[in-house]
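To keep things clear, I will list the structure first and then write my remarks on it.
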Number of protein chains: 2
Amino acid sequence: MAQPPSRTLTREHIAAAALAVLEREGLAGLSMRKVATEVGVQAPSLYWHVRNKEELLDLLGDAIIADAEIPLRTGDWREQYLEYGRRYRALLLAKRDAAKVVAGRLTTGPRVLAVLEDQLDRLRGAGFADADAAMASYLLSAYVQGFVLQEQSPLSAAEAAGASRGQVSRAAGETFRALPAETHPNLVALAEHLTDPDMDTRFEFGLQRIADGLAALL
Amino acid sequence: MAQPPSRTLTREHIAAAALAVLEREGLAGLSMRKVATEVGVQAPSLYWHVRNKEELLDLLGDAIIADAEIPLRTGDWREQYLEYGRRYRALLLAKRDAAKVVAGRLTTGPRVLAVLEDQLDRLRGAGFADADAAMASYLLSAYVQGFVLQEQSPLSAAEAAGASRGQVSRAAGETFRALPAETHPNLVALAEHLTDPDMDTRFEFGLQRIADGLAALL
DNA sequence: ACCTGAACACCGTTCAAGT
DNA sequence: ACCTGAACACCGTTCAAGT
């Protein structure tokens, strides 16, 4: 837990420690004190390297997406655009509460910039107008972040209470099915589909629609 | 601030008080103690009406979208789908930090159910398969929540530090433009578009693409 | 049934002081 | 330049006790 003699504490060490604490305790359990002990130091020491907790969270956000990779340039722009979306989601799903950390935070690490650069290059090369390429990139990240945010949060109070994802969604389905059919016929009829726990196909559906919509611009 | 003689504290009162505190102090400043004094009571009293803070936030989420309204049934499914997206965004933008509260929370107030019911009815009526209608609805809320989450969060540390939105985005533009043009030609070229602070057109762009992609399914 | 006082184990952050 | 101890003003939550 406590880093022994790794002299000269750096911002990288702090980010790594924060990542470890996040994995172990979740975002709600991430405190300056815990990060400090993780790195083998007293809490106030962190303030020499970091202005406040908000800045530490910026560091953490950068660390989360530091592993971002540029997909190989196989296939057309569409296939690569989809791949960007899938990889971004996978990156967020890989770390606990990652979407909550990253959402609404501006991350500008070198890896992110490289990925963004490649993405824009591909879109412009495919014939998108400059403004459209920029907005297409923004659209993708808004969708992925919004989706994973839902995906990563406990569905309800039945959360850490141990119930499995499948159980929770089955219970949610029951709720919809139990609604009065005269007032909510569609919710009753679609209960199954609305609460289907298969997140992969759900994500892919949205991704394909977005790509189709973009393709229509060309 | 303190509610004088409004006997019999209810969950509705608590939700309203939480909404007031949220507006005044933001989500980070929302504490059980502040909500308690807002409602004219000691903090521990809240625990009679609410299991914990998480449940209070559920209440708050419901209160935020309690004003949701079903748009008039003018225009085709597409126009109404767009209208749902726009209204949802407007609803979130109307309350401070609303996206952060709502994101990843399952809200099942009667108004929300009514809106969802209408939405599904419209999509099925337009010819969408059951599963597609359900996923189209989910797609919309993921996009809107992701978008507004970005929109409502301070763009950087230059946040509450007083800088206007325009100033911050101009500064961000400078950052992109200052990158080495050999390695990041597209970021340099699109700096303007990437940091354009006009969120309305940005939102509308994504919304139109999604609607187009859905239309292609019919 | 509903509310309070006192208490517990935590927080983020500041600051004088150490080396 | 970097770290610590002590302290401040807060937290969420529990629980015995009041009415």
Side-chain angles (χ1 to χ4, degrees), chain A residues 1-22 24-61 97 100-101 105 153-154 157 159-161, chain B residues 1-22 24-61 97 100-101 105 153-154 157 159-161:
Chain A
M1 187 145 310
Q3 214 97 323
S6 71
R7 284 278 44 80
T8 58
L9 179 56
T10 68
R11 285 164 69 94
E12 283 74 33
H13 291 143
I14 294 176
L19 208 49
V21 175
L22 181 72
R24 206 187 317 124
E25 320 247 14
L27 183 57
L30 183 106
S31 71
M32 297 297 276
R33 284 167 155 95
K34 284 183 194 154
V35 173
T37 57
E38 176 76 24
V39 87
V41 98
Q42 294 304 112
S45 308
L46 294 181
Y47 289 83
W48 180 263
H49 305 273
V50 129
R51 192 199 308 264
N52 49 28
K53 190 179 184 182
E54 196 58 25
E55 194 174 303
L56 184 141
L57 290 177
D58 284 343
L59 249 48
L60 182 56
D97 286 343
K100 240 179 219 145
V101 175
R105 205 171 292 278
S153 0
E159 37 166 341
Chain B
M1 188 146 309
Q3 212 98 321
S6 71
R7 283 279 44 81
T8 57
L9 180 55
T10 67
R11 285 164 69 94
E12 283 73 33
H13 291 144
I14 294 177
L19 208 50
V21 174
L22 181 72
R24 205 185 320 122
E25 321 246 14
L27 183 57
L30 182 106
S31 70
M32 298 295 276
R33 283 168 156 93
K34 285 184 193 152
V35 172
T37 56
E38 176 76 24
V39 87
V41 98
Q42 294 305 111
S45 308
L46 294 180
Y47 289 84
W48 181 262
H49 304 273
V50 129
R51 193 199 308 265
N52 50 28
K53 190 178 184 182
E54 196 58 25
E55 194 174 305
L56 183 142
L57 290 176
D58 284 342
L59 248 47
L60 181 56
D97 287 343
K100 240 180 218 143
V101 175
R105 205 171 292 279
S153 356
E159 38 164 341

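Between the CG atom of A:Asn52 and the P atom of C:dG12 there is a distance of 11 Å, rounded to whole Å. We find that CG of A:Leu56 is positioned 12 Å from C1' of C:dG12, with the value rounded to whole Å. We find that CD of B:Glu25 is positioned 11 Å from P of D:dC10, with the value rounded to whole Å. Atom CD in B:Gln42 sits roughly 14 Å away from atom P in D:dG12 (whole-Å rounding). Going from atom CZ of A:Arg51 over to atom P of C:dT14 covers 11 Å, rounded to whole Å. B:Leu46 has its CG atom 9 Å from the P atom of C:dT4, to the nearest Å. A:Glu54 places its CD atom 12 Å from the C1' atom of C:dG12, with the value rounded to the nearest Å.
Distances from the side chain of B:Tyr47 to the nucleotides D:dT13, C:dG12, D:dA6 place D:dT13 closest. Minimum atom distance to the side chain of B:Met32 is reached by D:dG12, of the listed C:dT13, D:dC3, D:dG12. Closest to the side chain of A:Trp48, from the set C:dA6, C:dC3, D:dA1, is D:dA1. Counting only heavy atoms from C-beta on, A:Lys53 has its side chain closest to C:dG12 among D:dC3, D:dT13, C:dG12.
Residues B:Asp97 and B:Leu30 fail the side-chain proximity criterion, which asks for heavy atoms closer than 4.5 Å. Two residues are said to be in side-chain contact when any heavy atoms from C-beta on lie closer than 4.5 Å; A:Arg24 and A:Glu38 meet this criterion.
Atom NE2 of B:His49 and atom CD of B:Glu55 lie 12.0 Å apart (nearest 0.5 Å). To the nearest 0.5 Å, atoms NZ (A:Lys53) and CG (A:Leu46) are separated by 11.5 Å.
Where A:Val41 and A:Arg33 meet DNA chain D, the nucleotide closest to each residue was compared, and A:Val41 sits on the side nearer the 5' end. Across the interface with DNA chain D, nearest-nucleotide mapping of B:Leu30 and A:Ala43 shows A:Ala43 to be the residue nearer the 5′ end.
Considering every non-hydrogen atom in both A:Val35 and A:Ile14, the closest pair reads CG1-O, 4.1 Å. The nearest pair of heavy atoms linking A:Leu27 to A:Lys100 is CD2-CB, 4.0 Å.
Put simply, B:Lys34 has no side-chain N or O that comes within less than 4.0 Å of OP1 or OP2 on D:dC10. The shortest distance between the side-chain N/O atoms of A:His49 and the OP1/OP2 oxygens of D:dA1 is not below 4.0 Å.
In DNA chain D, the stems built from three or more successive Watson-Crick or G-U pairs (distances below 3.5 Å) are C:4-8 with D:12-16, C:12-16 with D:4-8.
Residue contacts shown for A:Ser31 are limited to sugar-phosphate atoms, with no base heavy atom under 4.0 Å away.
Judged purely by atom type and a 3.5 angstrom limit, A:Arg11 has no side-chain atom pairing as donor or acceptor with the backbone of A:Val50.
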